[in-house]
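Numbering starts at 1 and runs along the sequence shown. Bear in mind the structure is a predicted one, so any value in this text is a computation, not a measurement.
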Amino acid sequence: MASRKSPFFNTATTLGKIVAFFGVSALCGVLAAGMLIPAASVAGSSAAIGMDFFDALPAELKQEPLSQPSKVVAKDGTQLATFYAENRTPVPIDKISKDMQNAIVSIEDERFYQHNGVDLRGIARAAAHNLTSSSQQGASTLTQQYVNNVLINAAFLKGADKSDITYSGTKNMADKLREAKLAISVEKEFTKKQILQGYLNLVLFSGTTYGVEAAAERYFSVHAKDLNIPQSAMLAGMVQRPNTFDPLKNPELTLKRRNTVLAAMLKTKSITQAEYDKAVKTDLGLNTKTLKSGCVAAASANYFCDYVAHLILKDPAYGKTKADRENLLYRGGLTIKTTLDPRLQKEAEKETPKIIPANDSSNMGAAIVTVEPGTGNILAMAQNKKYGADPKDKSYTTYNFNVGRDMGGTNGFQGGSTMKPYTAIAWLEDGRKMSDVVDAGDRSYGSTSFHWKTSCSPKGYVRVDHDGKGYAPKNFSKGFYKRMTVDYGLYWSINSATAKEASQLDLCKIADVTKRVGLLDASTGKPMSGLNPSFILGSQPITPLAQATAFATFANKGEYCENRALESVTDAAGNSYKVPGISCEQVIEPSVIDSLNGTLKRIAGTRVAKGSISQPIGGKTGTNNGASSTWFVGYTTGMATAAWTGRFDGNAAIFNVPINGQRYDNPDSSTFASPLWMNYMKDVIDYYPAESLGKAKSSSGSGDSTSGDGSTDNNGDNGDNGQ
């Protein structure tokens with residue numbers, strides 16, 4: 001629209017400057033009267049706020065993007081959660097009912113369509129009223145209110161604190177003059193419809209509800225375009241004092257205020273007498289809808305939502321400081337598309353509380369996380385506990401069992417025998433075979449004088465002293481202290497077999513395998529050092545997400561893919577933010593993986609699934625001492641899933657502890673973790689078709705029909721008590 005020059009404030013000419021000087025002085029006086037500023041203050045400020053000051057004020061309103069909610073969506077577009085400081089959904093003026101437009105003009109600025117931004121007649125009338133009456137009238141036009149809201153929005157977007165922002169009740173003369181000049185500027189640049197649209201999208205209605213569309217949905221569960229006369233009148237009446245005229249807190253005051261607006265609408269002839277008579281007899285007619293912000297309000301995938309929020313708030317791509325990133329998340333109108341598959345998530349959320357209820361007296365945790373081999377995409381992340389904080393209800397926690405503390409989780413859990421495949425990989429990479437025989441009854445390394453090879457340490461070796469006995473992990477069953485193949489030892493999860501293999505290898509090379517597949521010590525966030533042999537049996541804490549990602553490497557022919565949760569991030573203006581792409585690297589030779597999978601396929605297919613799953617699967621069980629951490633990590637070429645159950649509040653043993661109504665003498669991975677994995681996978685396995693996991697060149701087979709698992713460890717290290 002062409003600019004409409006205001007001769008009153010066109011200070012580019014000498015005449016304009018003279019007129020402006022007297023105009024500003026007059027305006028100061030009228031504003032002062034309207035604001036009830038003492039006469040002495042007016043005299044002082046009028047001298048200071050002259051034409052030069054007014055001329056120096058900004059003449060153009062810089063408009064920042066509207067503060068809008070951000071939303072997190074699944075890979076299919078399903079909305080998971082919203083984040084907002086201001087719940088707002090901007091809409092064009094033709095999507096706002098004419099009744100709503102008339103209501104706000106009638107009560108806030110009846111001369112809106114006649115003035116040029118500042119209504120001197122309205123200011124004079126308000127001043128006269130305020131000087132002669134105990135009640136007060138405002139004189140700001142809708143355009144001035146729009147300017148004020150734009151300035152507040154800009155301040156918030158720049159990270160200003162509420163205490164640093166000037167609101168209507170705290171403005172001085174300079175603030176009012178600045179607002180007046182900007183209002184005139186806005187009237188030159190925008191049509192009345194554009195100004196009204198901007199105002200109705202910006203203004204606060206109550207709490208965190210901003211803009212007429214959000215308000216219509218909040219109080220009446222309708223869109224702004226469908227607001228009728230009494231609904232429009234109620235909303236229009238709220239903007240003057242949102243906290244006072246809140247229909248949920250003060251329904252009687254709000255009804256009285258609504259009727260005042262209806263009277264104003266009748267006065268301005270925007271409604272007829274009949275329409276007024278009908279509307280004024282109605283009640284408020286509320287039909288409220290609550291939209292909470294953040295992950296606590298998510299209908300599902302709360303913990304995954306929390307993980308996504310941590311990703312955004314920790315990444316400098318979304319702002320230099322954490323405050324900047326929070327501002328973007330809560331005000332930037334981001335659309336955060338994630339990798340989550342709602343089909344898998346639904347089943348994960350169904351099965352985790354079924355295996356161990358959220359409110360179980362044991363306070364045990366259960367978790368599932370699924371990663372896609374070949375992409376690293378996180379497809380599901382769930383646990384048995386409800387998301388939230390309630391010190392009186394153990395059903396709730398904000399700890400995400402699947403991730404580390406830096407991402408809203410815990411310090412991880414002891415991995416038990418799920419760590420044994422990494423020793424087998426190092427064995428194969430050393431040129432050996434799964435069919436090689438080791439003496440699992442040999443305890444020569446149990447002496448404190450035994451040298452464990454560690455090429456990454458200064459001496460090149462370490463010695464271990466456990467009460468003068470060195471390192472000598474024990475097996476659960478005595479009958480397994482014997483010679484056996486590496487394949488047999490891994491199949492039955494024999495501690496002494498894995499220890500014997502490691503004694504012939506370089507511990508640093510085993511630790512390097514874990515590093516290559518992204519497995520870290522969750523308590524430190526650093527790679528495993530390899531300077532203590534206990535890590536080979538799972539003494540160091542790991543996270544379910546990290547272990548699922550590592551095992552996805554076994555499903556992907558030795559190609560490791562960093563896990564990822566974000567597919568795209570765009571803001572309200574359509575700007576895109578850089579997200580991590582698929583990042584994969586061949587870290588283990590396919591032939592090594594084929595040999596390993598020859599054993600892990602039989603563990604998963606024969607010992608865990610017992611032939612009940614037709615697709616090719618592999619996996620490993622894991623149980624630590626006391627069974628405070630039990631695992632099954634299984635995979636197909638389509639998905640890798642870690643199922644974990646245990647304590648998240650310590651490592652106290654769970655023997656004879658009532659869990660889901662039962663006591664267990666010897667709980668292990670077969671008690672909770674493996675059934676959890678099976679129940680979940682049976683429901684989702686066909687969503688991601690599986691191919692062959694490869695064929696081992698040579699294998700000795702399980703070679704023994706002995707039942708049970710032969711592992712345990714009484715030296716503070718961790719084995720697997722059984723499938």
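- Within the 4.5 Å cutoff, the side chain of Leu566 has heavy atoms near those of the Ile312 side chain.
- One distance of note links CG of Asn153 with CZ of Arg88; it measures 5.5 Å at 0.5 Å rounding.
- Inter-residue side-chain proximity for Asn148 and Ser140 is flagged as unmet; no heavy-atom pair is nearer than 4.5 Å.
- Side chain of Arg258 to backbone of Met234: no donor-acceptor contact under 3.5 angstrom is found.
- The side-chain tip of Lys385 does not point at the ring of Tyr399 from less than 6.0 angstrom away and within 45° of straight on.
- The backbone N or O of Tyr199 lies less than 3.5 Å from no partner atom in the side chain of Asn149, so there is not a single donor-acceptor pair.
- Ser293 places a side-chain N or O within donor-acceptor distance of the main-chain N or O of Tyr84, the cut-off being under 3.5 Å.
- The two residues Thr89 and Ala214 have their closest heavy-atom pair at N-CB, 4.4 Å.
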Handout entry: side-chain contact (heavy atoms from CB on, under 4.5 Å) assessment of Val203 paired with Tyr210
Key = CA-CA 6 Å; Val203 70; Tyr210 287 76; over 6 Å; no
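- A distance of 10.5 Å separates CG of Asn228 from CD of Glu275, quoted to the nearest 0.5 Å.
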TODO: Under the side-chain contact (heavy atoms from CB on, under 4.5 Å) rule, what do Asp283 and Leu255 come out as? Steps first, then yes or no, please.
DONE: CA-CA 7 Å; Asp283 59 21; Leu255 182 64; 5.7 Å; no
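- At distances below 3.5 Å, not a single donor-acceptor pair connects side-chain atoms of Asn359 with backbone N or O atoms of Ser395.
- Considering every non-hydrogen atom in both Leu204 and Pro242, the closest pair reads O-CG, 3.8 Å.
- The ring pair (Phe, Tyr, Trp, His ring centres under 6.0 Å) analysis of residues 270-308, with sequence neighbours excluded, yields the pairs Tyr303-Tyr387.
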* Go through Lys192 and Glu187 one step at a time and tell me if the salt bridge (charged side-chain N to carboxylate O under 4.0 Å, His left out) criterion holds. => CA-CA 7 Å; Lys192 291 290 185 177; Glu187 290 271 356; 2.8 Å; yes
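- Every side chain to side chain donor-acceptor pair (under 3.5 Å) that Gln345 has, sequence neighbours left out, goes to Glu349.
- Contact of the Asn377 side chain with the Arg564 side chain is registered, since non-hydrogen atoms from C-beta on lie closer than 4.5 Å.
- Judged by distance alone, the side chain of Asn302 and the main-chain N or O of Cys295 form a donor-acceptor pair under 3.5 Å.
- Judged purely by atom type and a 3.5 angstrom limit, Gln101 uses its side chain to pair as donor or acceptor with the backbone of Ile96.
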Practice task
Check step by step if side-chain contact (heavy atoms from CB on, under 4.5 Å) holds for Gln194 and Glu189.
Solution key: CA-CA 10 Å; Gln194 289 172 324; Glu189 299 298 324; over 6 Å; no
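- No side-chain donor from either of Ser97 and Asp99 sits under 3.5 Å from a side-chain acceptor of the other.
- Going from atom CG of Leu151 over to atom CD of Glu179 covers 7.5 Å, rounded to the nearest 0.5 Å.
- Asp109 pairs with exactly one of His115, Gln145, Gln114 by the side chain to side chain donor-acceptor pair (under 3.5 Å) rule, that one being His115.
- Comment: Lys350 engages Glu347 in a salt bridge, judged by a side-chain N to carboxylate O separation of less than 4.0 angstrom.
- Other residues, nucleotides and ligands contribute more than 12 heavy atoms inside 6.0 Å of the NZ atom of Lys75.
- Judged by distance alone, the side chain of Arg257 and the main-chain N or O of Gly237 form a donor-acceptor pair under 3.5 Å.
- If you take CG on Leu262 and CD1 on Ile271, they are separated by 5.0 Å, rounding to the nearest 0.5 Å.
- Among all heavy-atom pairs drawn from Asp571 and Gly332, the shortest one is CB-O, 3.6 Å.
- Note on residues 318-339: pairs passing ring pair (Phe, Tyr, Trp, His ring centres under 6.0 Å), not counting sequence neighbours, are Phe83-Tyr330, Tyr318-Tyr577.
- In this structure, the side chains of Leu142 and Ile195 stay at 4.5 Å or more apart for every pair of heavy atoms.
- Taking OG1 of Thr288 as the start and CD of Glu217 as the end, the distance is 13.0 Å to the nearest 0.5 Å.
- The two atoms that bring Ala565 and Leu311 nearest to each other are CB-CD1, 3.7 Å, heavy atoms only.
- Proximity of Asn400 to Gln383: side-chain heavy atoms (C-beta onward) are separated by under 4.5 Å at one or more points.
- Using a 3.5 Å distance cut-off with no hydrogens or angles, the side chains of Ser206 and Tyr219 do pair a donor with an acceptor.
- Residues Ser232 and Leu227 come closest through the heavy atom pair OG-CB, 3.5 Å.
- Counting heavy atoms of neighbouring residues, nucleotides and ligands inside a 6.0 Å radius, atom CD of Glu252 does not exceed 12 of them.
- Nearest heavy atoms, Thr282 versus Pro230: OG1-CB, 3.8 Å.
- A donor-acceptor distance shorter than 3.5 angstrom exists from the side chain of Asn201 to the backbone of Gln197, with no hydrogens or angles considered.
- Side-chain contact check for Thr268 versus Asn102: every heavy-atom pair is 4.5 Å or farther apart.
- Atoms CG and OG, from Asp226 and Ser221 in turn, are 12.0 Å apart once rounded to the nearest 0.5 Å.
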Query - Audit row: Ile107, Val239, side-chain contact (heavy atoms from CB on, under 4.5 Å) steps and yes/no - result: CA-CA 10 Å; Ile107 194 63; Val239 302; 5.8 Å; no
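- Using a distance-only test at 3.5 Å, with no hydrogens or angles considered, no donor-acceptor pair links the side chain of Thr335 to the main chain of Thr570.
- Proximity of Leu340 to Val72: side-chain heavy atoms (C-beta onward) are nowhere separated by under 4.5 Å.
- Residues Arg218 and Thr208 have side chains that never bring a donor and an acceptor to within less than 3.5 angstrom of each other.
- Side-chain contact between Asp306 and Thr398 is absent, with no heavy-atom pair separated by less than 4.5 Å.
- Listed for the Thr143 side chain is no donor-acceptor partner under 3.5 Å among the backbone atoms of Gly117.
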